[in-house]
There are 2 protein chains.
Amino acid sequence: MKAEWKKQFNRFNKRMTPCRQAIIDIFEEKRKHLSAEEVYILLRKKRRKVGMATVYRNLDLLSQMGLLHRLNFGDGKEHYEMARISPAKHHHHLVCTRCGKAVDYSELVGEEHEFLNRLEKKLGDKYDFSIQSHQIYFYGLCKDCR
Amino acid sequence: MKAEWKKQFNRFNKRMTPCRQAIIDIFEEKRKHLSAEEVYILLRKKRRKVGMATVYRNLDLLSQMGLLHRLNFGDGKEHYEMARISPAKHHHHLVCTRCGKAVDYSELVGEEHEFLNRLEKKLGDKYDFSIQSHQIYFYGLCKDCR
DNA sequence: CTAACTGCAAATCGTTTGCGAGCAA
DNA sequence: TTGCTCGCAAACGATTTGCAGTTAG
């Protein structure tokens with residue numbers, strides 16, 4: 001798995017560094033979406049000396065490499081999560097428009113997958129886009145905010 | 001139609017002002033997603049003296065009132081568009097991850113609508129959310145950026 | 001009349017950039 | 001060696017806020 005990533009880094013003319021490894025580890029451990037600041041705090045908890053700038057640079061790089069997905073819940077900051085290729089792990093988000101809380105869901109992803117694939121193909125052809133990913137957001141009010 | 005909005009404003013204890021009317025007009029005329037700055041520029045073109053702060057405040061208010069939808073294309077700024085209740089006008093977005101260009105599409109919205117309604121109900125029940133809207137984003141590279 | 005609204009300028013805050021020093025290959 | 005990476009501090013840019021004057025209902 002690590003060799004796999006190394007290859008990916010090479011392909012992008014980038015290097016595998018302790019800092020990057022640590023960031024990847026954090027996403028593997030937490031298995032949820034994290035903001036840049038949350039990643040930064042988790043790194044420091046592991047007694048790792050890093051600057052915010054580096055965190056941002058690496059989250060950006062990992063996103064461009066396709067290892068992370070960038071999410072936006074409308075709370076003014078970007079969030080990131082492991083990009084999982086497997087449909088089984090595929091999921092989307094339910095966002096509370098008041099408190100910003102975001103819940104993952106993976107209901108009906110089977111049907112969704114089939115439907116979105118068809119749509120993706122159609123759109124890609126029509127608008128001359130090479131589509132790489134998609135996100136579905138449902139917005140509403142959570143129990144506590146209602 | 002204007003009476004309709006007035007009611008909405010009353011319900012929120014807000015007032016219909018020339019500035020707000022002008023902003024609504026702009027979205028009706030342009031019929032596409034606009035950033036706060038774009039709205040600001042269009043207002044000034046109409047020789048309307050407004051501050052950016054007011055634009056932001058009103059875009060925010062109109063979003064909370066459900067008159068506008070807030071969109072995020074990952075280019076660092078928020079975009080807004082008229083919320084159209086009619087399924088006929090319903091659409092989503094195709095975003096280029098390189099240049100940030102966003103294209104509207106409305107393919108297969110009929111099928112989508114049926115599917116998403118079902119999903120919405122299921123999710124609302126399971127996670128105790130009162131879902132108000134949804135957005136689908138497809139990400140990829142446009143013709144020019146490929 | 002009075003609470004909501006406004007423009008202005010200053011403040012905020014997430015994110016980016018410039019730079020010299022430090023590593024990976 | 002070479003050039004990708006790093007931490008730091010400063011810069012940036014979109015959005016927010018405080019405030020005193022203005023306006024809708």
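Chain naming here is simple, since letters A, B, ... match the order of the sequence lines and numbering starts at 1 in each. Please read all numbers here as calculations on a predicted model, not as lab measurements.
Less than 6.0 angstrom separates the ring centroid of B:His93 from the ring centroid of B:Phe73.
Summarising the geometry, the separation between CG on B:Asn10 and P on C:dA3 is reported as 17 Å, rounded to the nearest angstrom. In this structure, B:Met52 atom CE and D:dA14 atom P are separated by 9 Å, rounded to whole Å. Straight-line distance from the CZ atom of B:Arg57 to the C1' atom of D:dC19: 10 Å, rounded to whole Å. Atom pair A:Glu78:CD and C:dC13:P shows a separation of 18 Å (rounding to whole Å applied). The nearest whole Å value for the distance from the OH atom in A:Tyr56 to the C1' atom in D:dA11 is 15 Å. Between A:Lys49 atom NZ and C:dG22 atom C1' there is a gap of 10 Å when expressed in whole angstrom units. In this entry the distance linking CZ of A:Phe9 with C1' of D:dC4 reads 12 Å, nearest Å. Atom CG of A:Asn58 is separated from atom C1' of D:dC4 by 11 Å (rounded to the nearest Å).
Side chain of B:Cys19, nearest nucleotide from C:dT6, D:dT15, C:dT17: C:dT6.
A tilted orientation is assigned to the rings of A:Tyr105 and A:His92, their planes being inclined by 30° to 60°.
For C:dC5, one of the phosphate oxygens OP1 or OP2 lies less than 4.0 angstrom from a side-chain nitrogen or oxygen of B:Lys14. B:Thr17 has a side-chain polar atom (N or O) that falls below the 4.0 Å cut-off from OP1 or OP2 of C:dT6.
Across the interface with DNA chain D, nearest-nucleotide mapping of A:Asn13 and A:Thr54 shows A:Asn13 to be the residue nearer the 5′ end. Residue-to-nucleotide proximity on DNA chain D shows that, of B:Met16 and B:His79, the 5′-proximal contact is made by B:His79.
Interface remark: the A:Arg15 side chain does form a donor-acceptor pair with the D:dC4 base, using a distance-only criterion of under 3.5 Å.
With respect to the salt-bridge test (charged N to carboxylate O, under 4.0 angstrom), the residues A:Glu107 and B:Lys126 qualify.
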Test log, rule side chain to side chain contact (heavy atoms under 4.5 Å, CB included), inputs A:Phe9 and A:Arg15 = CA-CA 6 Å; A:Phe9 278 108; A:Arg15 294 170 184 167; over 6 Å; no

task = Apply side chain to side chain contact (heavy atoms under 4.5 Å, CB included) to B:Gln135 and A:Ile136, showing your working.
result = CA-CA 6 Å; B:Gln135 289 291 332; A:Ile136 301 181; over 6 Å; no

